[in-house]
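For reference, the structure is listed below as structure tokens.
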2 protein chains.
Amino acid sequence: MGLAKTEIFTEQQNEIALIAKVFGHPARVAILQHLFKQDSCVCGDLVNVIGLAQPTISQHLKELKLLGLIKGNVEGTSVCYCIDTEAWTDMKGIMIKFLDQDLPDTECC
Amino acid sequence: MGLAKTEIFTEQQNEIALIAKVFGHPARVAILQHLFKQDSCVCGDLVNVIGLAQPTISQHLKELKLLGLIKGNVEGTSVCYCIDTEAWTDMKGIMIKFLDQDLPDTECC
DNA sequence: TTTATTCATCGTAATATTGCAATGAAACAA
DNA sequence: TTGTTTCATTGCAATATTACGATGAATAAA
């Protein structure tokens, strides 16, 4: 099938999964880390830094944009991409809340 | 292709992506949340709680086990699953380090 | 206008993921 | 032994993802 049954899960569970899915590819992790380092960035730069073909980078950027984590601004022939700080903070809150659940004192197995 | 070019990324980037990939399905998020709530759990329970067929749950549990986040212990005919607290803490450290990068003061776009 | 540059989109091939019915394997109960 | 229960595995169909060549659109430069 390849199709997740999202309707049987809570909105929160689906949201966590959607965020995680975007982080589930090393290229997108690398793009985000580069954007954090640079403050500002263009796609051509990323093609050199990451080492994937330009259409592939463009596709990964699209998914990051779709989730709202990055913003793109056209500047002449190039496009400037950067982290959407507000969206990143919101996302971080959701993910840390999930990661930070109370661990049981004793393990059963 | 459907095949990530892991060799061009750092070990850290691949590790973050591998972790995130496992969280990238709501069923696995739901399973983990249930294990946190229960302290102890068996798969049959999960099939009822989650609402997917038994083989599907079993497959998701396998991926969680493969990443090391949960442990399974055979108890008679049933299997007891629970969070591996040490592995969870390690994983949490890696993910929070990634999520907690310093945001730029000013956005360029 | 013509050409170059930069990035997005389209189309497609290769592979991965999701879900489940059918079936196995292991432990227990009768 | 013969069921019964519980979970894992196999096999398969439907869909998703990844990667990139080819091409398109927009702007800038000559």
Tell me whether A:Asn48 at atom CG has more than 12 heavy atoms from other residues, nucleotides or ligands lying less than 6.0 Å away.
yes
Without placing hydrogens or testing angles, list every side-chain donor-acceptor pair under 3.5 Å for residues 19-26 of chain B, not counting sequence neighbours.
from: B:His25; atom 1: ND1; to: B:Ala27; atom 2: N; distance (Å): 3.0

Atom CG in B:Leu32, atom CD1 in B:Ile83: separation rounded to 0.5 Å?
5.0 Å
Considering only heavy atoms, which members of residues 7-29 of chain A lie under 4.0 Å from some atom of DNA chain D?
A:Lys21, A:His25, A:Arg28
Take the protein atom CD of A:Glu63 and the nucleotide atom P of D:dT17, then report the distance between them rounded to whole Å.
7 Å
From B:His60 NE2 over to B:Ile57 CD1, what is the distance, rounded to the nearest 0.5 angstrom?
6.5 Å
Tell me, with the steps shown, if B:Gln33 and A:Gln13 meet side-chain hydrogen bond (donor to acceptor under 3.5 Å, both in side chains).
CA-CA 9 Å; B:Gln33 287 181 334; A:Gln13 287 162 347; 2.9 Å; yes
Once you round to the nearest 0.5 Å, how far does SG of B:Cys82 lie from NZ of B:Lys71?
6.0 Å
Could you pull out the closest heavy-atom pair between A:Phe9 and A:Asn14, with the gap in Å?
O-ND2, 3.6 Å
Give every donor-acceptor pair under 3.5 Å between a side-chain atom in residues 61-70 of chain A and any protein atom, sequence neighbours left out.
from: A:Glu63; atom 1: OE1; to: A:Arg28; atom 2: NH1; distance (Å): 3.4
from: A:Glu63; atom 1: OE2; to: A:Arg28; atom 2: NH1; distance (Å): 3.3
from: A:Lys65; atom 1: NZ; to: A:Tyr81; atom 2: OH; distance (Å): 3.3

Can you give me the closest heavy-atom contact between B:Ser78 and B:Val42, atom names plus distance?
OG-CG1, 3.9 Å
Please check the phosphate of D:dA19 (OP1 and OP2 only) for any side-chain N or O of A:His60 closer than 4.0 Å.
yes
Dump the pairs, protein N or O against N or O of nucleotides 2-4 of chain D, anything under 3.5 Å, distances to one decimal.
none

Considering residues, nucleotides and ligands other than B:Glu7, do more than 12 of their heavy atoms fall under 6.0 Å from its CD?
yes
B:Lys5 has a side chain; which of D:dT15, D:dC7, D:dC20 sits nearest to it?
D:dC20
Just the endpoints, please: which first and last nucleotides of DNA chain C, 5' to 3', lie under 4.0 Å from a heavy atom of chain A?
C:dT5 to C:dC20
Are B:Leu99 and A:Met91 close enough that some pair of their side-chain heavy atoms sits under 4.5 Å apart?
yes
Tell me, yes or no, whether the heavy-atom count around A:Asp100 atom CG, taken from other residues, nucleotides or ligands under 6.0 Å, exceeds 12.
yes
Flag the pair A:Trp88 / A:Phe36 as yes when at least one side-chain heavy-atom distance between them is below 4.5 Å, and no otherwise.
yes
Take B:Leu3 and A:Val74, find for each the nucleotide of DNA chain D with the closest heavy atom, and name the residue whose nucleotide sits nearer the 5' end.
B:Leu3
What residues from residues 46-59 of chain B pass a heavy-atom cutoff of under 4.0 Å to DNA chain D?
B:Gln54, B:Pro55, B:Ser58
